[in-house]
Amino acid sequence: MTGTRIAIVFSIAAGIAGAAQASISGALGRRVGTIGAAGFGVALAAILVVALAVALGRGGSILAGIHQPFWLWLGGLFGATIVLAIAYAPPRIGTFATVALLIAGQLAAGAAVDALGLLGSPRIPVTITRVSGLVLVAAGAALTLKR
């Protein structure tokens, strides 16, 4: 399987896992609180990823992150924001709406990052086709809030 195909399959699997994670984290958040659920999820994920890095002989690459520019650390902050949101939102607006809004927000931010070449990304122009897709996704996300 090529790297592109692996990336596609992995991305779809992550999307499925993300929806399940939102539902599970929301349920845990109802039982132990949003901060506790998010903290537990982040700690467990960190333990698993560090163990995987060590098992693959890449543990040093984690420590190398300390020596990188501060703005590259924002991925951890943004990851914590996502985990907090999925521990808080599903019990209040549902898993479907939470995931739809998360995806719509990611797509809007992704379009801006591409268009402006932000955060080390190459510039990719925003076309009418891409804007149309974003508008449709945003409208779909808004519709998920209707019960």
Side-chain angles (χ1 to χ4, degrees), residues 1-127 129-130 133-134 136-138 140-145:
M1 188 178 290
T2 67
T4 300
R5 289 179 191 230
I6 292 170
I8 290 168
V9 170
F10 193 36
S11 295
I12 291 169
I16 293 167
Q21 180 188 16
S23 184
I24 293 165
S25 292
L28 184 60
R30 279 193 304 270
R31 293 179 181 212
V32 302
T34 299
I35 301 297
F40 179 79
V42 168
L44 183 58
I47 290 166
L48 293 173
V49 171
V50 168
L52 179 62
V54 169
L56 295 174
R58 298 184 182 154
S61 65
I62 295 170
L63 296 176
I66 294 169
H67 303 292
Q68 302 306 309
F70 175 75
W71 70 271
L72 292 174
W73 299 1
L74 293 174
L77 174 66
F78 296 152
T81 301
I82 293 167
V83 173
L84 279 167
I86 65 172
Y88 180 81
R92 291 160 177 84
I93 63 172
T95 300
F96 185 34
T98 299
V99 172
L101 294 167
L102 177 73
I103 291 169
Q106 287 177 323
L107 290 173
V113 167
D114 281 353
L116 302 171
L118 300 174
L119 307 171
S121 295
R123 282 182 167 247
I124 300 173
V126 176
T127 63
T129 304
R130 293 180 115 207
L134 183 57
L136 288 171
V137 169
L143 288 173
T144 65
L145 292 168

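In this chain, residues are counted from 1 in sequence order.
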| request: Kindly compute the distance separating CD (Q21) from CD1 (I82), expressed to the nearest 0.5 Å. | output: 9.0 Å
| task | State whether the side chain of R92 and the backbone N or O of Y88 hold a donor-acceptor pair below 3.5 Å, judged by distance alone. | result | yes
| Any donor-acceptor pair under 3.5 Å linking the side chain of W71 with the backbone of L119? | no
| query | Between R58 and S61, what is the shortest heavy-atom contact and its length? | reply | O-OG, 2.6 Å
| note | Tightest non-hydrogen contact, residues A100 and A141, listed as O-CB, 3.6 Å
| query | Atom CD1 of I103 and atom OG1 of T144: how far apart are they, to the nearest 0.5 Å? | reply | 10.0 Å
| field | Intermediate values then yes/no, side-chain contact (heavy atoms from CB on, under 4.5 Å), L84 and I35 | value | CA-CA 7 Å; L84 279 167; I35 301 297; 3.6 Å; yes
| message | On a heavy-atom basis, which atom in A104 and which in L134 lie closest, and how many Å separate them? | response | O-CD1, 4.2 Å
| task | Grab the two heavy atoms, one from A53 and one from I62, that are nearest each other, plus how far apart they are. | result | CB-CD1, 3.5 Å
| Donor-acceptor under 3.5 Å (S121 side chain, G117 main chain) | no
| Which residues share a side chain to side chain donor-acceptor pair (under 3.5 Å) with R123, sequence neighbours left out | none
| With R130 via salt bridge (charged side-chain N to carboxylate O under 4.0 Å, His left out) - residues at least two apart | D114
| request: Measure the spacing between OG1 of T95 and CD1 of I24 and express it to the nearest 0.5 Å. | output: 9.5 Å
| query | Any side-chain heavy atom of I124 sitting closer than 4.5 Å to one from V113? | reply | no
| query | What heavy-atom pair brings V32 and G36 nearest, and what distance separates the two atoms? | reply | CG2-C, 4.0 Å
| message | Check whether S23 reaches the backbone of A19 with its side chain - one donor and one acceptor, N or O, closer than 3.5 Å. | response | no
| remark: dist T34:OG1 -> L28:CG (nearest 0.5 Å) comes out at 9.5 Å
| field | Euclidean distance, L102 CG relative to T81 OG1, rounded to 0.5 Å | value | 11.0 Å
| Non-hydrogen atoms of V126 and A111 that approach each other most closely | CG2-O, 3.8 Å
| query | Does S25 reach the main-chain N or O of A22 with its side chain, forming a donor-acceptor pair under 3.5 Å? | reply | no
